[in-house]
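Heavy-atom basis, side chains included; hydrogens, waters and symmetry copies ignored. Note that the coordinates shown come from a computational prediction; the quantities given were computed from them, not determined experimentally.
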Amino acid sequence: MIIQRVVLNSRPGKNGVPVAENFQIEAVPLPDKITDGQVRARTLYLSVDPYMRCRMNEDTGSDYLLPWQLSEVADGGGIGVVEESKHANFAKGDIVTSFNWPWQTKIILDGRLLQKLEPQLVDGHLSYFLGAAGITGLTSFLGIKEKGHVTVGDNQTMVVSGAAGACGSLAGQIGRLEGCSRVVGICGTDEKCSILVSEMGFDAAINYKKGNVAEQLHELCPAGVDVYFDNVGGDISDAVINQMNQNSHIVLCGQISQYNKDVPYPPPLPPAVEEIQKARNITRERFLVLNYMDKQEASILQLCQWIKEGKLKVKETVVKGLENIGGAFQSMMTGGNIGKQIVLISE
């Protein structure tokens with residue numbers, strides 16, 4: 001059986017910007033037979049995420065992420081349908097997922113790496129399990145629950161950077177559902193700003209490419225900022241921290257503006273900003289969703305309920321074809337997508 005797969009063709013370098021040509025598609029044989037404990041599945045959807053930029057380096061800078069190897073198949077979140085199973089937990093036709101799904105059209109995996117999905121939880125929108133009802137939604141939800149310290153009735157203001165991205169677009173809505181009275185997003189186009197306000201319930205949105213972010217934050221957050229969901233880092237985060245209140249909280253989700261730079265994670269703040277953080281007792285602790293997997297099941301059920309009730313709006317940018325996954329990665333890293341970046345492999 002001949003399948004297609006995508007391998008890491010070259011590394012962009014720690015300070016380089018990833019391009020589609022860093023990846024290469026190739027045809028390879030897949031064994032016709034599986035052994036006890038294995039599952040063969042046809043890939044339906046693959047997830048493309050900012051953290052993968054770290055995996056393009058020889059040293060990911062993280063103790064929980066392994067680097068992709070040159071000329072070897074890349075992997076990440078994926079969903080597929082079982083075609084053959086020799087594992088007791090799975091049968092032909094089951095929908096399954098893994099955080100380490102190879103980027104190829106069909107896969108053979110140890111069944112212990114797979115999790116069975118229940119399509120009815122998302123009304124059949126299977127790709128949601130890679131986004132709002134998956135690790136992305138968990139990151140937003142648990143980040144706010146564990147690090148945001150949102151309290152109903154406290155009239156808290158939340159600011160979200162990277163607000164039109166996969167985590168950011170969910171985080172603003174979840175902040176509201178958890179009790180924030182005002183939610184302001186920061187993103188990179190007028191179109192994205194419009195979608196955040198008109199479709200996703202943000203009170204306001206700032207296009208950081210237009211005007212002065214600090215001045216706009218001062219105008220849109222007259223009572224200061226109590227919770228900051230940080231996806232980007234850099235100058236934007238410095239501007240937000242300047243507006244934050246005493247005893248406020250930063251949910252340190254990601255630092256995408258710094259991923260193409262050879263700096264530690266989380267990147268250090270400029271001395272003047274660090275002084276503000278310390279003087280105002282602003283918490284800024286690294287958040288890793290994998291540390292809260294004991295809360296995964298209940299959290300997923302809550303996210304799915306909000307989705308079904310229409311309280312949590314889901315945005316996806318879907319690209320078709322395994323051959324286009326490199327371009328999808330490049331687009332995501334340069335801010336070209338809205339919501340979760342998904343690659344449809346087969347239907």
Enter the distance from Q156:CD to R176:CZ here, rounded to the nearest 0.5 Å.
-> 12.5 Å
Hey, do the aromatic rings of F287 and Y292 have their centres closer than 6.0 Å?
-> yes
Backbone N or O of K192 within a donor-acceptor pair of the T189 side chain at under 3.5 Å?
-> yes
Looking only at heavy atoms, which two atoms of M56 and P12 are closest? And how far apart?
-> CE-CD, 3.7 Å
Would you check if the side chain of N212 reaches a backbone N or O of A214 as a donor-acceptor pair within less than 3.5 Å?
-> yes
Could you give me the CA-CA distance, side-chain angles and deciding distance for T283 and I250, then say whether side chain to side chain contact (heavy atoms under 4.5 Å, CB included) is met?
-> CA-CA 6 Å; T283 63; I250 298 171; 5.7 Å; no
Begin from the C-alpha positions of K340 and T136 and carry the test side chain to side chain donor-acceptor pair (under 3.5 Å) through to its verdict.
-> CA-CA 8 Å; K340 178 71 177 180; T136 307; 3.1 Å; yes
Is there a path of hydrophobic side-chain contacts, each under 4.5 Å between heavy atoms of I, L, V, M, F, W or Y residues, that connects L30 with W101?
-> no
Using the benzene-type ring in the case of Trp, are the ring centres of F141 and W306 under 6.0 Å apart?
-> yes
Please walk me through it: do V152 and E178 pass side chain to side chain contact (heavy atoms under 4.5 Å, CB included)?
-> CA-CA 7 Å; V152 176; E178 286 295 298; over 6 Å; no
Under 4.5 Å between side-chain heavy atoms, hopping through other hydrophobics if needed: is there a path connecting L220 to L217?
-> yes
Q104 side chain vs K106 backbone, donor-acceptor pair below 3.5 Å | yes
For the side chain of R280 and the backbone of E275, is there at least one donor-acceptor N/O pair under 3.5 Å apart?
-> no
Flag for K86-T35: side-chain donor and acceptor within less than 3.5 Å = no
Under 3.5 Å donor-acceptor, T317 side chain and I338 backbone | yes
Check the pair E146, K295 against salt bridge (Lys or Arg N to Asp or Glu O under 4.0 Å), reporting the backbone distance first and the verdict last.
-> CA-CA 11 Å; E146 301 297 328; K295 301 182 179 182; 2.7 Å; yes
Is there a path from V273 to I236 through hydrophobic residues (I, L, V, M, F, W, Y) whose side chains come within less than 4.5 Å of each other?
-> yes
Test K92 against E83 for salt bridge (Lys or Arg N to Asp or Glu O under 4.0 Å), laying out the working first.
-> CA-CA 5 Å; K92 184 177 180 180; E83 293 189 329; over 6 Å; no
ILVMFWY cluster, L66 and V6 together (side-chain gap under 4.5 Å) | no
Side-chain donor or acceptor of T60 paired with backbone N/O of C54 under 3.5 Å | no
Looking at V183, T157, V150, N245, which hits side-chain contact (heavy atoms from CB on, under 4.5 Å) with V227?
-> V150
Minimal heavy-atom distance between A163 and F202, with the atoms involved, is CB-CE2, 4.1 Å
Enter the distance from C304:SG to E118:CD here, rounded to the nearest 0.5 Å.
-> 10.5 Å
Just wondering, do I342 and V48 contact through their side chains at under 4.5 Å, heavy atoms?
-> no
Under 4.5 Å between any side-chain heavy atoms of R42 and T105, yes or no?
-> no
N/O donor-acceptor pair under 3.5 Å between T334 side chain and Q330 backbone = yes
Rounding to 0.5 Å, atoms NZ (K313) and CG (L170) come to a distance of 13.0 Å
Please assess S98 against N100 for the test side chain to side chain donor-acceptor pair (under 3.5 Å), listing each intermediate value before the final yes or no.
-> CA-CA 5 Å; S98 172; N100 298 108; 4.8 Å; no
Can you find a pair of side-chain heavy atoms, one from L126 and one from Y45, that are under 4.5 Å apart?
-> yes
Flag, side chain of R284 to backbone of L269, donor-acceptor distance under 3.5 Å = no
Could you check if a side-chain atom of V240 sits within less than 4.5 angstrom of a side-chain atom of Q243, using non-hydrogen atoms only?
-> no
Any donor-acceptor pair under 3.5 Å linking the side chain of D230 with the backbone of V160?
-> no
Test side chain to side chain donor-acceptor pair (under 3.5 Å) applied to S161 and Y228, step by step | CA-CA 8 Å; S161 59; Y228 173 38; 2.9 Å; yes
Would you check if V39 and I34 make a side-chain contact, meaning some heavy-atom pair closer than 4.5 Å?
-> no
Measure the shortest side-chain to side-chain distance between Q341 and S47 over non-hydrogen atoms and say whether it is less than 4.5 angstrom.
-> no
Report yes or no: do V319 and L344 belong to one cluster of Ile/Leu/Val/Met/Phe/Trp/Tyr joined by side chain heavy-atom distances under 4.5 Å?
-> no
On a heavy-atom basis, the closest approach of P119 and I95 is CG-CG1, 4.1 Å
To the nearest 0.5 Å, tell me how far L142 CG sits from L290 CG.
-> 10.5 Å
Give the intermediate values and the outcome of side chain to side chain donor-acceptor pair (under 3.5 Å) for residues N9 and N22.
-> CA-CA 5 Å; N9 187 47; N22 291 134; over 6 Å; no
Looking at SG of C180 and CD1 of I174, how far apart are the two atoms once the value is rounded to the nearest 0.5 Å?
-> 11.5 Å
Walk me through it: do I345 and L46 pass the test side chain to side chain contact (heavy atoms under 4.5 Å, CB included)?
-> CA-CA 7 Å; I345 306 302; L46 293 173; 3.8 Å; yes
E26: partners by side chain to side chain contact (heavy atoms under 4.5 Å, CB included), with sequence neighbours left out = R5, V7, Q24, V28
Can a donor-acceptor pair be found between the side chains of D226 and S248 at a distance below 3.5 Å?
-> no
I would like to know whether T97 and F129 meet side chain to side chain contact (heavy atoms under 4.5 Å, CB included); could you show each step before the answer?
-> CA-CA 8 Å; T97 187; F129 284 119; 5.7 Å; no
What is the ring orientation for W103 with F23, classed by angle as parallel under 30°, tilted 30 to 60°, or perpendicular over 60°?
-> tilted
Roughly how far, to the nearest 0.5 Å, is CE of M293 from CD of Q296?
-> 5.0 Å
Going by heavy atoms in the side chains, are I79 and S127 under 4.5 Å from each other?
-> no
Work out which heavy atom in K315 is nearest to a heavy atom in M200; give both atom names and the distance.
-> CG-CE, 3.5 Å
Between E84 and R40, does a salt bridge (Lys or Arg N to Asp or Glu O under 4.0 Å) hold up when you go through it step by step?
-> CA-CA 5 Å; E84 183 182 0; R40 187 181 77 241; 2.6 Å; yes
Would you say V122 and K308 make side-chain contact, with heavy atoms under 4.5 Å?
-> no
If every non-hydrogen atom of L196 is compared with every non-hydrogen atom of A205, which pair is closest and at what distance?
-> CD1-CB, 4.1 Å
Identify the heavy atoms of D32 and M1 that sit nearest to each other, and give their distance.
-> OD1-N, 3.3 Å
Mind telling me whether H87 and F90 have parallel, tilted or perpendicular rings, with 30° and 60° as the class edges?
-> tilted
Under the 3.5 angstrom rule, does the side chain of Q173 hit a backbone N or O of S169 as a donor-acceptor pair?
-> yes
